[in-house]
There are 2 protein chains.
Amino acid sequence: MSRRGQPNLATPGRRQMILEAALACFDETGVAATTIEQIRDRAGCSIGSLYHHFGGKEGVASALFIDGISDLNAGLLRRLDDCSNAEQGVRTCVLHYADWVTRQPELARFLVHAREINFAPEARAELKAIYQRHFGAVFTWFGRFVLRGDMKQLPPETYIPIISGPIEDYARLWLSGRTRTPLVEVSEVFAEAAWNAVRAR
Amino acid sequence: MSRRGQPNLATPGRRQMILEAALACFDETGVAATTIEQIRDRAGCSIGSLYHHFGGKEGVASALFIDGISDLNAGLLRRLDDCSNAEQGVRTCVLHYADWVTRQPELARFLVHAREINFAPEARAELKAIYQRHFGAVFTWFGRFVLRGDMKQLPPETYIPIISGPIEDYARLWLSGRTRTPLVEVSEVFAEAAWNAVRAR
DNA sequence: CATATTATAGAATCAAATTCTAATCTAAAT
DNA sequence: ATTTAGATTAGAATTTGATTCTATAATATG
């Protein structure tokens, strides 16, 4: 510390430590209910440090959200690269989501509850850019299969809800502990349903 | 009032007035960001009165949520009564949701953001009972069509995400203003997709 | 090595949530 | 009609948590 004579500590990893502490708190207590104090305690830092890096609880949440969504998106694009037809692509969208959520349930739980975050304008803008880039890439990937007649031609903004809506809905259910059946045990069902919903016939 | 000499006002409709004021505030400002004070101002009541009826902001939100979800559920069961086959039933689930959201977007926006509410244990229990009753009725309704082979046999907990997930996902999109195309213009697409996902073939 | 910038610290301040006590109203019982 | 118990309203007082502020230490830069 400064005023009280302790030395400053842990500069390099401080940001990351705060993010990890915050995620743990959010997961245990919920975003709305966790206090700055709880995060501070867990991260072992001062209030000043926390505000310096993130400007408050909502800044921490924004950073966490952007990191998480970026990782999720990047993973999907990598896996789409290995797909060579529409059915594989659609299945991959569903299965990747299920895998990702299963591998990092805390982060997934946070992302899913993220509606409650009051993003600052800059974070909002950054997110918008991220989404545009990502969905742009995804639509480019699928576009040829629609043109080729392998997939139904639908209003563009309906593809994502139809393909990803069910698995995301079920993931919320599983993450909240209201169903016993693990995601991976039903993800094939959702992949199949998604393909049936969008395949040309 | 009591201490300051004004008389008490508006006993009968006070609960309802508070709920309406709260919904308006939540819709304009978001649940997390609206203060008790704002609700109090809008409802024209005292802090004491608000706490007496609801025990705080989260109590108001719980009551609003339970009222809303009950109305939504009741409406679906009424409309299912008029259906005589599986396809009609599945389509009705989708179309009813779209209609309901279109008719009361403020309440729908609130329900959709309800993940952020920290329900008190009693509210949680009440909600659980409501869901059990409702989904019990819905599953009873659909059960015969699965047995009869009109619909696919799937893990029970996957039907709701598959049928309702996409329209709910799109409704969130529309309610948040990120898409121009109104729900009713695409609800047929979602009804069709839902039926294709669960029909036996 | 001087200086600027960044990071840390925690006290001080500010705002909102919640509690508490008292007044008023309503309805039931006599 | 009066009394009384419970419900409702009121807002001041208190508590809690968020945010700001100033100071100190570390680090990077010329």
Side-chain angles (χ1 to χ4, degrees), chain A residues 1-22 24-26 28-64 116-123, chain B residues 1-22 24-26 28-64 116-123:
Chain A
M1 316 154 170
S2 9
R3 292 220 246 180
R4 285 302 149 81
Q6 287 97 319
N8 287 350
L9 294 168
T11 301
R14 185 51 55 94
R15 246 189 86 95
Q16 198 54 35
M17 288 168 68
I18 293 174
L19 286 178
E20 281 160 23
C25 290
F26 291 162
E28 284 170 19
T29 324
V31 178
T34 68
T35 68
I36 295 276
E37 186 75 0
Q38 292 172 312
I39 300 174
R40 191 195 63 75
D41 279 352
R42 197 149 191 161
C45 71
S46 68
I47 300 175
S49 196
L50 207 153
Y51 272 85
H52 172 70
H53 286 292
F54 298 102
K57 188 170 80 172
E58 154 259 309
V60 178
S62 301
L64 212 46
E116 66 187 284
I117 303 171
N118 266 326
F119 292 107
E122 316 83 58
Chain B
M1 317 152 172
S2 10
R3 292 221 246 180
R4 286 301 149 81
Q6 287 96 320
N8 287 351
L9 294 168
T11 300
R14 184 52 52 97
R15 247 189 85 96
Q16 199 54 36
M17 288 168 69
I18 293 174
L19 286 177
E20 281 161 24
C25 290
F26 290 162
E28 284 169 18
T29 324
V31 178
T34 70
T35 69
I36 295 276
E37 185 75 1
Q38 291 172 313
I39 300 174
R40 191 196 62 74
D41 280 352
R42 196 149 190 162
C45 71
S46 67
I47 300 175
S49 197
L50 207 152
Y51 271 85
H52 171 72
H53 286 291
F54 299 102
K57 188 170 80 171
E58 154 260 310
V60 178
S62 301
L64 212 45
E116 66 188 283
I117 303 170
N118 267 324
F119 292 107
E122 315 83 59

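What you see below is based on every heavy atom in this structure, not just the backbone, and it leaves out hydrogens, waters and symmetry mates. Computed from a prediction, not measured in an experiment: that's the story for all the values here. Within every chain, numbering begins at 1; the chains are lettered A, B, ... in the order of the sequence lines, protein sequences first and strands thereafter.
For the salt bridge (Lys or Arg N to Asp or Glu O under 4.0 Å) test, no residue two or more places apart in sequence or in another chain qualifies with B/Glu20.
Of the two residues near DNA chain D, A/Thr34 and A/Gly48, the one whose nearest nucleotide lies more 5' is A/Thr34.
In this entry the distance linking CD1 of A/Ile39 with P of D/dA18 reads 8 Å, nearest Å. Between A/Ile36 atom CD1 and C/dA15 atom C1' the separation is 14 Å, expressed in whole Å. The distance between atom CG of A/Asp41 and atom C1' of D/dG17, rounded to the nearest whole Å, is 13 Å. Distance B/Glu58 CD to D/dT16 C1': 16 Å, rounded to the nearest Å. Taking atom CE of A/Met17 as the reference point, atom P of C/dT8 lies 9 Å away to the nearest angstrom. Between B/Ile18 atom CD1 and D/dT8 atom P there is a gap of 11 Å when expressed in whole angstrom units. The separation between A/Tyr51 atom OH and D/dA23 atom P is 21 Å, rounded to whole Å. What separates CG of A/Leu50 from P of C/dA7 is a distance of 14 Å, to the nearest Å.
The shortest distance between side-chain heavy atoms of B/Met17 and B/Cys45 does not fall below 4.5 Å. Between B/His52 and B/Arg14, every side-chain heavy-atom pair lies at or beyond the 4.5 Å cut-off.
Among the nucleotides C/dA16, C/dT18, C/dT8, the one closest to any side-chain atom of B/Ile47 is C/dT18. Of the candidate nucleotides D/dA18, C/dA9, D/dA10, D/dA10 has the atom nearest to the side chain of B/Ser49. When each of D/dT19, C/dA9, C/dA16 is scored by its nearest atom to the side-chain atoms of A/Ser46, the top-ranked nucleotide is C/dA9.
Of all the heavy atoms in B/Lys57 and B/Ile36, the pair that sits closest is N-CD1, 3.5 Å. Minimum interatomic distance between B/Cys25 and B/Thr34 (heavy atoms only, all atoms of both residues): O-CG2, 3.1 Å.
Within the 4.0 Å cut-off from OP1 or OP2 of D/dA10, at least one side-chain nitrogen or oxygen of B/Arg14 is found. One finds no side-chain N or O of B/His52 lying less than 4.0 angstrom from the OP1 or OP2 phosphate oxygen of D/dT9. In terms of phosphate contacts, B/His53 brings a side-chain nitrogen or oxygen within less than 4.0 Å of OP1 or OP2 of D/dT9.
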